[in-house]
Amino acid sequence: MVAEAAQLSSTRRVYHFGAGPAMLPPEVIAEIRAELPDYAGTGISMLEFGHRTPEFRALMREADNDLRELMGIPPNYAVLFLHGGAALQFAMAPLNFGGCGAYLVTGQWSAKALHEAERVAQAQTVWDGIESGYTRLPARNEWLPLQNATYLHYTVNETIAGVEFHATPESNGVPLLADMTSMVMSRPVEVSKHALIYASAQKNLGIAGITLAILDPAALRTPPRSTPSLLDYRYCLEAESLPNTPPVFAWYVLAKMLKWVKLQGGVQELAERNRRKAEVLYSVLDSSGFYVSKVEKSCRSRMNVPFRTHTPSLETVFLQQAEAAGLKNLAGHRTSGGIRASIYNAMPETGVAALAEFMRDFERRHG
Ligand code: PMP
């Protein structure tokens with residue numbers, strides 16, 4: 001298996017900086033490839049595996065244990081593995097947490113979460129950063145008062161804007177709900193300060209199709225009667241995350257990713273690497289008169305680094321030449337344009353170093 005991983009690494013000539021689905025560690029892909037025809041000696045591929053088999057039940061238990069250990073999830077918290085992506089959580093959360101949510105709107109994803117909450121319940125905006133182009137986070141004294149809010153929702157890392165909360169916001173006893181999709185497992189988080197944490201898997205935890213919900217069952221409220229069963233956390237909890245056929249393969253990849261994180265030395269170790277990786281890119285941006293990074297320094301994301309060149313027409317050239325150099329998928333989000341490097345857990349430090357070198361070289365040639 002190690003030899004296969006080495007082979008895969010040596011055949012990998014590109015670094016994939018896309019925001020999601022994102023790069024996976026080559027050794028995880030190698031392991032999946034090796035196991036694909038026959039899972040655990042059963043003669044059955046994970047592509048065709050039943051979710052109620054003893055083997056899959058064992059995998060589920062292990063994934064649950066590994067996740068709890070890695071994230072330090074309190075024993076009274078529940079963990080759900082769901083379908084529907086983080087976007088479905090935008091609606092599921094308000095249905096189950098009282099339907100009168102307060103939202104910190106710090107980028108396009110929290111704006112979407114707010115709009116979805118307004119469709120199924122009531123919601124209020126505590127702060128909206130759209131006027132600053134989502135380039136900063138609010139100070140606590142800029143928040144509007146939480147008016148009878150049943151919860152406070154925030155997006156820990158805004159994948160498009162590249163703005164990240166580096167500390168848990170203080171909600172003064174109001175249940176705190178967090179979208180951790182683009183930073184889960186990238187650094188330690190204070191799980192017990194949250195009533196709900198959700199994250200879809202395709203950035204730091206594997207492939208698309210599966211979504212984590214980590215919640216305090218005591219904080220749940222009874223959803224409206226018209227709520228579909230699959231959008232009721234309690235119903236999913238009673239069914240042990242199997243209210244219907246789950247995304248078996250995505251769950252299997254997630255379980256593999258958790259093992260990989262453990263092998264790397266855990267979340268703290270990855271946090272150190274992620275800090276170093278982000279620093280490499282931001283120091284190129286800060287020492288340059290050629291690249292422009294608009295996000296305020298105190299809230300720069302360690303996962304998604306958006307930037308522009310002074311002359312916008314050079315961005316197309318940058319992206320073409322980066323692609324040719326094996327630095328792929330660096331285009332900014334389709335709504336914002338520009339350039340964005342997503343440097344999740346699976347992006348090695350060598351990939352970031354290669355990008356930094358390319359950026360300096362490009363500046364020398366075009367600056
Ligand atoms: N929240 C954030 C912060 C995201 O980055 C994304 C996806 N890029 C989503 C929510 C939506 O996730 P999904 O596509 O899995 O529904």
Side-chain angles (χ1 to χ4, degrees), residues 16-24 80-95 101 103-120 123 128-130 134-135 137 151-166 168-169 176-187 189 194 196-214 230-231 246-247 249-251 253-254 257 274 295 299-306 329-338 340-347:
H16 164 26
F17 289 93
M23 183 172 173
L24 289 170
L80 286 168
F81 297 80
L82 302 168
H83 299 266
L88 194 61
Q89 294 304 302
F90 294 167
M92 192 163 175
L95 287 169
Y103 282 74
L104 284 164
V105 181
T106 55
Q108 288 193 37
W109 291 110
S110 41
K112 281 196 176 170
L114 167 69
H115 294 144
E116 205 61 16
E118 285 170 337
R119 289 175 72 108
V120 297
D128 192 332
I130 194 161
Y134 298 130
T135 53
L137 294 175
Y151 64 85
L152 172 69
H153 179 282
Y154 76 116
T155 303
V156 184
N157 180 62
E158 284 285 356
T159 322
I160 299 171
V163 175
E164 181 170 2
F165 283 86
H166 294 291
T168 313
L176 189 60
L177 275 47
D179 177 355
M180 295 201 181
T181 295
S182 51
M183 51 65 69
V184 66
M185 212 61 88
S186 68
R187 61 173 163 87
V189 292
H194 297 83
L196 170 74
I197 288 169
Y198 62 87
S200 48
Q202 65 273 18
K203 300 172 195 304
N204 262 341
L205 293 175
I207 62 171
I210 193 159
T211 302
L212 282 181
I214 300 162
L230 264 65
L231 298 186
F249 194 78
W251 206 325
V253 178
L254 195 154
M257 281 302 293
N274 289 330
V295 175
C299 50
R300 281 172 160 176
S301 167
R302 291 195 177 150
M303 295 280 101
N304 310 96
V305 183
N329 304 321
L330 280 160
H333 191 263
R334 64 195 148 74
T335 57
S336 58
R340 171 178 54 172
S342 295
I343 47 174
Y344 301 117
N345 285 348
M347 175 58 67

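Order of listing sets the numbers, starting from 1, for every ligand and every atom in it.
- Nearest heavy-atom pair across Asp128 and Ile130 is OD1-N, 2.9 Å.
- Minimum interatomic distance between Pro247 and Gly209 (heavy atoms only, all atoms of both residues): CG-O, 3.1 Å.
- Considering all non-hydrogen atoms of both residues, Asn274 and Ser186 come closest at ND2-O, 3.1 Å.
- Residues satisfying the side chain to side chain contact (heavy atoms under 4.5 Å, CB included) criterion with Thr211, sequence neighbours excluded, are Gln89, Ser200.
- In this structure, the ring of Tyr151 has its center less than 6.0 angstrom from the ring center of Tyr103.
- Contact of the Leu88 side chain with the His83 side chain is not registered, since no non-hydrogen atoms from C-beta on lie closer than 4.5 Å.
- Protein residues with any heavy atom under 4.0 Å from ligand 1: Gly85, Ala86, Ala87, Phe90, Trp109, Thr155, Asn157, Thr159, Asp179, Thr181, Ser182, Ser200, Gln202, Lys203.
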